[in-house]
Structure formats: C-alpha cells, structure tokens
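Below is one structure, written out as structure tokens; the observations come after it.
Every chain is numbered from 1, with letters handed out A, B, ... down the list of sequences.
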Amino acid sequence: MKQYDHLKIEGKWQKKWEKEGIYHAKEEGKSKKNKKYYSLVEFPYPSGEGLHVGHPRPYIGMDVVSRKKRMEGYNVLYPIGWDAFGLPTENYAIKTGQDPRVVTKKNTDNFRKQIKSIGISFDWSREINTTDPKYYKWTQWLFLQFLKNDLAYKAKMSINWCPSCKIGLANEEVVNGGCERCGTPVEKREKEQWMLAITKYADRLDKDLDEVDYLPQIKASQRNWIGKSEGAEIEFEIFGHQDKIKVFTTRPDTIFGATYLVLAPEHTLLGGLKDKIENWGEVEQYISKVKKKTEIERTSLDKTKTGIELKGVHAINPATSREIPVWIADYVLATYGTGSIMAVPGHDERDFEFATKYNLDIKYVIAEEAPEGTHPPQAGKPFVYRRAVECYVRNPKDGKFLLLEWKKNTNWKTPITGGIEESEDIVEASKREIYEETGYKNLKFIQHLGTPMHAKFYHPQKDENRIADFYGLFFELENEERDEVSEGEQSKHDVVWVEKDKVASFLTTSPTPFYKIGKNDLSYAKEGILVNSGKFNSLNSEEAKKEMVNFVGGKFKTTFKLRDWVFSRQRYWGEPIPVVHCEKCGIVPLPEKDLPLLLPKVKNYQPTESGESPLALIEKWVNTKCPKCKGPGKRETDTMPNWAGSSWYFLRYTDPKNAKAFADPKKIKYWTPVDWYNGGNEHTTLHLLYSRFWHKFLYDLKLVPTSEPYMKRTSHGLILAEGGEKMSKSKGNVINPNDIVGRYGADSFRLYMMFMGPFEQAIAWSESTIIGSRRFLERVWKIGQRDLSKIKTDPKLEKLLHKTIKKVGEDIENMRFNTAVSAMMVLVNEMDKSEINKSDYKKFLQILSPFAPHLADEMWNALGEKKSINISKWPEYDSKMIKDEEVKIAVQINGKVRAEILVSASDTEEEVKKKALLDENVKKYTEGKEIKKVIYIKGRLINILL
RNA sequence: GCCCAGGUGGCGGAAUUGGUAGACGCGAUAGACUCAAAAUCUAUUGAUGGCAACAUCAUGAGAGUUCGAUUCUCUCCCUGGGCACCA
C-alpha cells in the first residue's frame with residue numbers, strides 16, 4: 001500500500017481483534033502470574049440521539065492507559081455496559097407508545113456500533129445492561145439486603161415533586177429550587193417513600209477519603225456534600241416551663257453574644273409551648289404561610305428572612321443567665337442540627353440581618369485579632385471602626401513608639417493627616433494604655449484612620465517583613481520628627497510587633513467598646529479574641545470553644561448536611577422494588593427465589609395523576625399473595641432511581657453471567673478494587689457517593705473485600721461545541737464522531753482527542769485542527785515505506801527515541817496525553833530528517849500504538865510481526881541514552897540572557913565559568929567591569945553579576 | 001456570599017524542587033512544484049524600534065521576596081464549575 005488509507009486499515013483490524021479476543025480479560029485462575037489492572041469508565045446512558053464527540057473522550061483516555069498496561073504485562077479488565085433505565089427513554093415511550101425495551105435495544109445497538117468504530121479495547125464479552133432482568137435481579141437482591149439490615153425503610157416524607165415530570169425528586173435532583181431536568185419549580189408533597197440510610201455511613205464516607213487517590217477537587221466535592229461540621233449541642237432553659245430548647249452551634253465561643261433563640265416553624269416543641277404563647281393565633285398563621293411556600297421561593301436569591309416572636313416565652317442564656325426572647329423564623333431549617341439555633345447577631349450574618357430587621361439586641365463578643373487583609377470601606381458608606389493592634393509599633397533602639405511607613409490602599413503615599421476624628425475619651429484611654437504598657441508619656445494622637453493603612457513591619461525574631469492593611473488609632477511622640485517617606489522608599493527605622501499577650505490584656509482592660517456600629521453595619525463572623533464574655537475574655541476562639549461548652553453543660557457533637565437517600569420513584573422504567581404489602585404482616589420482602597421481580601408490560605407508560613407509578617394500574621400484577629402468610633397482598637409499585645443499577649455495576653463486570661450470585665466472591669477478590677476510575681465531573685458527587693455507600697455496606701456484610709470501591713478517581717473535561725457552548729440537540733451543534741472517523745479515520749480522531757488539550761479541562765471542539773493529527777499519521781506512514789532494513793539509526797535520533805519512550809510512558813500514567821502526543825510529533829519531525837533502522841522504528845510504533853492502534857498494527861504487521869502490536873511488550877528506554885554529553889547553557893549577565901554556550905556535561909563549574917567569560921558576546925558586556933558574583937545552575941545556566 | 005479550578009501569541013496549548021517564556025499543533029505570509037488548484041515541501045510568524053547586528057517590552061492588574069518569578073507570598077480584577085439561609 002503506497003498511500004495511508006484509513007478506510008482499508010481500520011475495519012480490518014477491528015474485525016481481527018474481535019475475532020481473536022485479544023482484549024478479553026483473562027479468567028483469574030488462568031493468569032495467576034500476571035498482576036491485574038482494572039480500569040473503568042462510567043457506562044453510558046444509551047440515549048436516542050446516539051454518540052456525540054464528547055462521549056469517547058474518557059473511553060479513549062482510559063483505552064490508552066489500558067493498552068499500555070496490557071503491553072506492560074498486566075491482566076487488564078476494561079469493560080463496558082449500559083446504564084439504560086431512566087427518564088428520557090421512558091418519556092420517548094410515552095410519546096410514541098413504544099415499549100422502552102425495544103427503544104433501549106435499538107439505542108444500545110447503535111451506541112455499540114459507534115463505539116466499536118473508534119477501536120476502543122473494551123472487553124465486549126462482559127457487556128452488561130442494567131435493564132436486563134438477569135442484571136436487575138441482583139440490584140433487587142441488594143436492595144433486600146439493605147432492607148434486612150434496617151438500612152432501607154419507608155417514611156412519610158415531604159418530597160420534592162416536579163409537577164411537569166410528575167415525579168418525586170431526591171434533594172440531589174433539585175437545582176435552584178427547580179427540577180434538574182425541566183427546570184419547573186418543585187412543589188412539596190407528603191408521600192410515603194423508600195429511604196436508604198446513607199447518613200449512617202456519613203462519617204466513614206468522609207473519613208475514608210483519606211485512604212484513596214482521588215483528584216483533590218473530587219475529594220473536596222465529596223466532603224462538601226457530606227458537610228461534616230463539628231460543634232456542640234447546648235440546652236437553653238425556658239423560663240417557667242419544664243421543656244428545654246436544644247440548639248446546635250459551631251460557635252459556642254460566641255454564646256455571650258446570643259441575644260435570642262430561633263426555632264424552625266416545623267419544630268416539634270411548638271405544640272407543647274402552645275399554652276405559654278400569648279400570640280398563638282398569629283404564630284399559627286405564620287406557620288401555615290411558611291408551609292405554602294414553594295421550594296423555589298424558599299431558596300430564591302432575594303430571600304428575605306421572616307419570623308415572629310413567641311410572646312410570653314423566654315429562654316435563659318446559660319452563659320449570662322439573662323432572659324432572651326424566642327422566635328420562629330423561616331431561615332432556620334427543621335432538618336438540620338436540632339431545628340433550632342441560638343442567634344448571635346454580632347457574629348453571624350444571617351442573625352445580624354434578622355436582628356436588624358426586627359430590632360433585636362446585637363452584642364459583640366469577638367474582637368478581630370489580625371486585621372490583615374481587611375477590605376477598605378467604600379467611600380460615602382458607614383463603616384466599622386476597629387481598634388487595630390498593630391499600630392502600636394516601637395523602635396527597638398530607643399523604645400519609642402512610631403509609625404514608620406505607611407501606604408494608603410496600595411500606593412505608598414498617604415499623608416497621615418486628614419483622618420477621622422476619634423472621640424476624646426477613647427483617645428485618652430488608649431494613651432493611658434500605652435503609657436501603662438511602656439511608661440511613655442508624651443504621646444500625641446495623630447488620627448484614627450477611616451481608610452485602611454497599608455504598612456510594612458519588620459519582625460526581628462522571625463527576620464521577615466510583613467505587609468498589613470488595618471484601621472486604627474495612631475500616636476506619635478511629641479516633638480519627634482517623623483520620617484518623610486516617599487513612594488517606594490524604605491524607612492530607616494525598625495519596627496517590632498506588639499506581642500500577643502499584651503494585645504489581649506489591652507483589649508480586655510480597655511474601657512471603650514471595640515466596635516462602633518454605623519447604621520447599616522456588619523457582623524464579624526470570623527474567629528478572634530473574646531471580649532464582653534466575663535471570665536473568658538482574652539481567650540482565643542479555639543480555646544474558648546472547649547471551655548465554654550463545659551461551662552454551660554453542653555455536649556460536643558458532629559452533624560452532617562447529608563440526608564437519607566430518597567430511593568423511590570413513581571415511574572415505570574426502573575427496577576421494581578421487590579416487596580409486598582400485607583395487611584397482616586406489613587412489609588414483606590420477596591423471597592430470593594422469586595427474583596427477579598419482572599417489570600410487567602403496560603399499555604400506558606404515563607404516570608398517574610395521583611402520583612402513583614403506572615404499575616399501580618395493573619391490577620393483576622399489583623394483587624398478589626403475601627409470601628409469608630399467603631393471604632392477599634399488594635405489590636409495591638414504586639421503582640428504584642437510576643442510581644441503583646450504577647451503584648454496583650463495576651462488581652458485575654468481574655462475573656457478568658453469574659446466575660447464582662451478583663458475582664463470585666473469588667472473582668471480586670481478584671479484580672477489585674478498581675485501580676483507576678475515570679468519569680465526568682457531573683458524577684463526582686452523587687454517583688460516586690452512592691456507590692461508595694453501597695460498597696461500604698457490602699463490605700460490612702463481608703461480601704466485598706475492600707471498604708472503598710475505587711482506588712483512584714479522575715475526571716475528564718467536557719467537549720464543547722466550536723463556539724464554546726455546550727453541545728445539545730436543541731442547539732443543533734452536536735458533532736457525531738462517526739462523521740469524523742469516516743473522514744479522517746479513527747486513529748486521527750483518537751490522536752486529536754488526546755492532543756487537543758489537558759484531559760481534565762473542558763475544551764471546544766475544533767474541526768480545522770484535527771488535520772494536524774492526520775498529517776502526523778501520514779508522515780509516520782511515509783517513514784514506514786522507506787527501506788529500513790539496512791540503515792543504522794542516527795545517534796542523535798536514537799537518543800531522542802529513548803527520551804520519548806520515557807516521556808510518553810510517564811505522561812500516560814499522569815493523564816498528560818496531550819504532551820505525550822506532542823513528544824511523539826517532535827520525534828517524528830526528527831525522523832523525517834534522519835535515518836532510522838527497523839528495530840528503532842518498531843519501538844516507536846509500540847509507543848504510538850495505544851493512541852493509534854490500527855495504523856500501528858498495520859505497520860507492525862508489514863514489518864513482519866505475526867502477533868498484534870497490542871500484545872507486544874512495551875519498550876524499555878536505556879537510561880544511559882537519556883543523559884546528554886553536551887549541553888547548551890544560557891549565559892546571563894545581571895539576570896539577562898546574553899549568550900549561549902556549549903559545554904560538556906562533565907565540565908566543572910570552573911571550566912564552565914571560563915568558557916562563558918571567553919564568549920565574544922559575554923566579553924562585550926564584561927569588559928572593564930568587575931565581576932561580583934557568579935551563579936551556576938548545572939546544565940541550565942550561568943549568571944554573571946557585574 | 002462560600003468552596004474549587006483557571007487567566008500565557010491570531011487560536012488550542014507547552015514550560016513546577018524558581019533557571020533561556022511561547023514546545024507541539026492549527027491558522028497566516030512568502031517561495032518551490034503545477035497549465036491551474038488541492039496536497040506536499042522550504043522559510044518566516046509574541047509586540048515595538050532598527051537597513052542590520054541588536055535593543056526594549058511582554059505570561060489578567062498592582063506590589064513583595066530573589067542574582068533570577070508564568071512558577072513562591074500578599075492585595076485586587078475577570079472567567080468557568082460546584083454549593084447555597086446547613087447555625
């Protein structure tokens with residue numbers, strides 16, 4: 001073949017690979033010698049639209065990894081299947097009246113054909129489908145294990161109801177108060193729902209993240225979703241009543257500032273307090289108003305807090321022993337913590353907003369410790385005056401207080417005049433403090449800065465400079481001349497910081513308030529030093545938290561944002577929940593021998609108006625016998641969410657045809673945990689969390705050998721349309737990979753997908769750029785047509801080859817596919833110009849083969865190899881070849897590159913120095929000047945300072 | 001508002017224990033080949049000044065540390081993603 005013709009090559013090899021089954025993972029017994037490697041990609045939802053160019057990105061990425069691992073002698077499992085239950089198929093069925101089974105079959109056939117044309121080395125012999133009864137039998141079986149272990153329960157829940165999709169949604173599926181799919185505002189409905197108690201695993205799901213190798217942002221989003229927060233529960237007595245109000249807080253250190261309590265409108269205590277509440281009528285009205293609010297109203301951006309005081313009810317702050325009012329308000333959630341809070345408006349933004357609106361007490365109990373980085377107030381707006389502590393600076397030479405350098409905002413030039421006048425007693429009090437501290441009498445008040453001061457301090461112990469923005473009171477010594485510091489200039493004086501313990505004593509003994517509040521002012525929510533808190537004054541927040549909880553008799557407690565998982569869907573196209581409701585026996589699980597409980601055929605897939613699944617309409621199916629007492633029973637008509645099948649699918653791949661168990665324990669033990677799992681960013685919270693939860697549960701039942709399912713998790717970026725928008729059918733900008741494969745070839749497509757940019761990053765598709773990958777492959781082809789038998793490889797090229805082998809290998813492991821491709825391009829450009837022999841060329845083909853397997857196998861074959869390149873041994877590089885004997889180094893004069901010289905790698909610093917100084921260009925600069933210092937970085941550069 | 005990621009030529013992007021910024025690819029310009037076009041090959045391609053050698057400037061903005069900063073520190077701006085009354 002003279003010309004590179006992808007159409008002739010690619011189909012041929014794909015057929016051959018499939019026929020020989022070279023990508024089939026070996027049975028565990030037959031490959032004991034080889035280490036296993038389990039690489040996994042998220043199995044796709046086979047939509048009717050077919051594949052778009054975004055789908056194959058992760059498949060190709062992990063394909064490159066899997067192919068390399070195979071060549072390195074690993075027994076590789078790289079499987080694929082279909083996550084085929086779900087709404088789009090069901091909606092399509094409703095619209096067209098077609099059986100979802102038929103639609104699914106058609107879609108998966110199409111997907112399979114499309115994926116195969118890209119030459120991914122999936123083990124197709126292990127293909128699974130979540131809608132296959134042989135598969136969902138085990139999804140149902142797993143559900144029954146949850147039920148047996150009391151982790152599945154039915155509860156009356158206020159659920160999120162989408163009136164348009166007519167489906168209950170999990171909290172996770174509500175986006176900004178609307179339905180994740182259609183955006184319709186979600187309503188609340190009371191409904192019996194199946195729940196899975198994922199919260200029982202919350203702590204372990206958080207903690208065990210330490211054990212796994214996930215990308216940092218993936219760990220962060222898992223932790224964020226679990227929402228672990230450590231704090232305390234504290235009880236507040238109600239004056240003249242036996243009940244107590246228990247609150248959860250993460251800031252027990254602020255309790256002296258708790259000026260009122262708030263209960264959620266749904267709080268259970270309200271009934272018991274009814275007699276004491278003087279304005280019960282109003283309160284009742286308020287509660288019913290809140291209940292009517294839709295989710296979207298409650299979470300909308302311009303939410304204003306509303307509430308009502310429980311007149312006649314007073315709680316007692318256990319720290320101050322003072323009576324404080326009790327309110328109910330919609331900004332407190334019944335479902336988090338204890339459903340009630342202590343409000344500290346001085347140090348919590350939400351409480352502050354509420355207190356301001358209803359004119360409640362605001363008390364400040366935390367002083368800001370370090371005003372570094374404080375934002376400047378905006379011109380014309382009221383602001384907080386904070387007494388800064390760094391302003392007391394002292395010249396260590398003579399012990400005098402001075403302000404030595406300053407900046408206004410970021411320009412080094414504020415005149416110190418023109419500050420805001422401070423009231424006289426504050427100034428006097430501060431003067432007195434400094435006097436007591438230092439014995440220094442003749443202080444003159446300069447100003448209290450309204451704009452922040454940007455000053456530079458030197459810390460003699462730490463020997464470092466530090467820049468700080470701050471507000472503060474400033475003094476200088478009378479009759480002392482101040483340095484005039486112009487822009488950019490450094491002061492002559494040294495400055496020390498005030499030690500921390502002195503700061504604290506100053507703060508606590510000062511007779512003046514620490515904050516002056518303008519009318520639209522702020523709360524301070526960060527940690528700091530306690531003030532106005534009795535004997536706890538001058539402690540820092542961290543210490544105070546511990547002591548305060550003991551002081552008020554509270555209990556340390558950890559809470560989570562995570563809620564139990566709503567596991568019911570009132571839909572048709574999902575796994576039926578295998579239980580029977582019996583009037584005598586209650587909820588009875590179906591015996592194992594009756595699994596799978598088949599999804600019956602129906603005429604109409606439309607959910608019912610009452611919100612029941614369409615299954616509820618099939619009386620013949622619903623009415624059954626109770627498996628326990630054989631009396632009449634009714635089947636559960638809810639189905640499972642589509643997260644169910646995907647929570648354990650990777651286990652089924654290890655033994656996909658097993659009819660006796662979800663998988664043979666021996667096979668699970670051999671293959672799991674998954675070594676590397678790559679998927680989309682959109683699944684790094686929910687799917688990942690759910691499947692980790694299932695796995696931990698199975699681990700506790702001793703059904704799987706590890707507590708974590710995936711050792712390593714990465715994610716790939718989205719492929720966007722050419723304009724940078726998301727690809728979608730409605731915008732008509734979807735690109736079908738098969739068009740590209742037809743025109744440029746699967747290998748060019750694969751190479752381009754890997755080359756176009758960093759794998760984790762979203763990137764816009766660009767058709768014009770793919771030509772570069774095609775040209776590269778044509779060049780590879782052309783070089784292969786030379787007579788390679790006689791020629792010796794140029795030494796320079798040989799070195800480059802070994803460097804490239806090293807780099808490509810490392811880049812693949814680190815998912816830097818783009819730079820791996822670029823390194824191979826550099827190599828081929830060099831090959832074009834020089835001579836290469838057959839064996840070196842074959843090595844290059846081998847490192848190219850994970851990226852362009854068809855072309856590599858074709859040329860490998862043409863060079864006389866009988867077996868596929870994909871099962872050949874990954875080439876090793878010669879570490880001797882990688883070291884350069886001669887290196888080019890840069891010569892810098894005063895930090896600027898002025899020349900380049902060639903030196904031998906063995907040259908000493910002295911020799912290099914000599915060579916550098918002899919260089920003509922260098923001479924030009926050094927002539928007649930004194931050399932102060934020479935800095936030499938081996939193999940990189942030499943810097944000559946004049 | 002909070003958390004995470006990012007900001008480098010006309011474009012996608014390289015460059016991390018701080019050490020020659022712009023690898024590789026696309027596009028563009030000129031030339032070779034051709035009756036012509038495509039393809040291919042060769043050269044140039046960050047900006048400004050200069051006939052040139054070369055010089056100066058340049059990695060979102062400003063500052064700091066350093067002989068030397070895309071890389072480290074601080075402040076600010078912008079973009080993308082996630083969370084959002086979670087006490």
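- Of all nucleotides present, only G19(B) satisfies the Watson-Crick or G-U wobble test against C67(B), with each distance under 3.5 Å.
- Between U20(B), G12(B), A87(B), one nucleotide has an atom nearer to the side chain of Gln892(A) than all others, and that is U20(B).
- Using a 4.0 Å heavy-atom criterion, one finds that Ser221(A) contacts no nucleic acid atom at all.
- C41(B) and U48(B) have their P atoms separated by 30 Å, with the value rounded to a whole Å.
- Spacing of C1' atoms, A32(B) relative to C78(B), comes out at 47 Å, to the nearest Å.
- Using a 30° and 60° split on the angle between ring planes, Tyr331(A) and Phe354(A) fall in the tilted class, from 30° to 60°.
- Of the side-chain N and O atoms in Ser229(A), one or more sit less than 4.0 angstrom from OP1 or OP2 of A87(B).
- Comparing the C1' positions of C85(B) and A14(B) gives a spacing of 45 Å, expressed to the nearest Å.
- Between Glu778(A) and Arg774(A) a salt bridge is recorded (basic side-chain N to carboxylate O distance below 4.0 Å).
- Here the closest non-hydrogen pair linking Ile255(A) and Pro318(A) is CD1-CG, 4.0 Å.
- In this structure, Arg940(A) does not reach the G68(B) phosphate: none of its side-chain N or O atoms is under 4.0 Å from OP1 or OP2.
- Side-chain contact annotation: Tyr4(A) with Ser748(A), donor-acceptor N/O pair under 3.5 Å absent.
- Checked by atom type, the side-chain pair Asp747(A)/His6(A) shows no donor-acceptor distance below 3.5 Å.
- In a base pair of the Watson-Crick type (N1 to N3 plus N6-O4 or O6-N4) or a G-U wobble (N1-O2 and O6-N3), with each distance short of 3.5 Å, C41(B) is matched with G31(B).
- For C83(B), the paired base is G1(B) (Watson-Crick or G-U wobble, both distances below 3.5 Å).
- For G12(B), the paired base is C24(B) (Watson-Crick or G-U wobble, both distances below 3.5 Å).
- For the P atoms, the distance from G6(B) to A55(B) is 36 Å, rounded to whole Å.
- Within the 4.0 angstrom heavy-atom criterion, no nucleotide atom of any strand lies near Ile944(A).
- Mapped onto RNA chain B by nearest heavy atom, Ile889(A) and Ser822(A) fall at different nucleotides, with Ile889(A) at the one closer to the 5' end.
- Taking atom C1' in both A37(B) and U44(B), the straight-line distance is 24 Å, to the nearest Å.
- The 12-atom threshold is not exceeded at NZ of Lys557(A), counting heavy atoms of other residues, nucleotides or ligands nearer than 6.0 Å.
- For A87(B), the OP1/OP2 oxygens have a side-chain nitrogen or oxygen of Tyr336(A) closer than 4.0 Å.
- Taking the C1' atom of each, G19(B) and G80(B) are spaced 32 Å apart, rounded to whole Å.
- A 3.5 Å limit on both hydrogen-bonding distances identifies U56(B) as the Watson-Crick or G-U partner of A47(B).
- Backbone-only engagement by Gln761(A) is indicated by non-hydrogen atom pairs under 4.0 Å involving sugar-phosphate atoms exclusively.
- Taking only side-chain nitrogens and oxygens, Asn829(A) comes nearer than 4.0 Å to OP1 or OP2 of G25(B).
- Thr250(A) comes within 4.0 angstrom of the backbone, heavy atoms only, and of no base.
- In this structure, G6(B) forms a base pair with C78(B), meeting either the Watson-Crick or the G-U wobble geometry with both donor-acceptor distances under 3.5 Å.
- Between G22(B) and A69(B), the distance separating the two P atoms is 16 Å to the nearest Å.
- Across all strands, Pro216(A) comes closer than 4.0 Å to no nucleic acid atom at all (heavy-atom distances).
- Remark: the Lys933(A) side chain and the C67(B) base include no donor-acceptor N/O pair separated by less than 3.5 Å.
- Classification of G9(B) as syn follows from a glycosidic angle within 90° of 0.
- OP1 or OP2 of A55(B) sits under 4.0 Å from a side-chain N or O of Arg898(A).
- Listed nucleotides G13(B), C67(B), A15(B) differ in distance to Thr819(A); the shortest reach to its side chain belongs to A15(B).
- Rounded to whole Å, the P atom of G18(B) lies 32 Å from the corresponding atom of C54(B).
- Among Tyr744(A), Trp765(A), Phe776(A), the single residue meeting the ring-ring contact (aromatic ring centres under 6.0 Å, His included) criterion with Tyr752(A) is Trp765(A).
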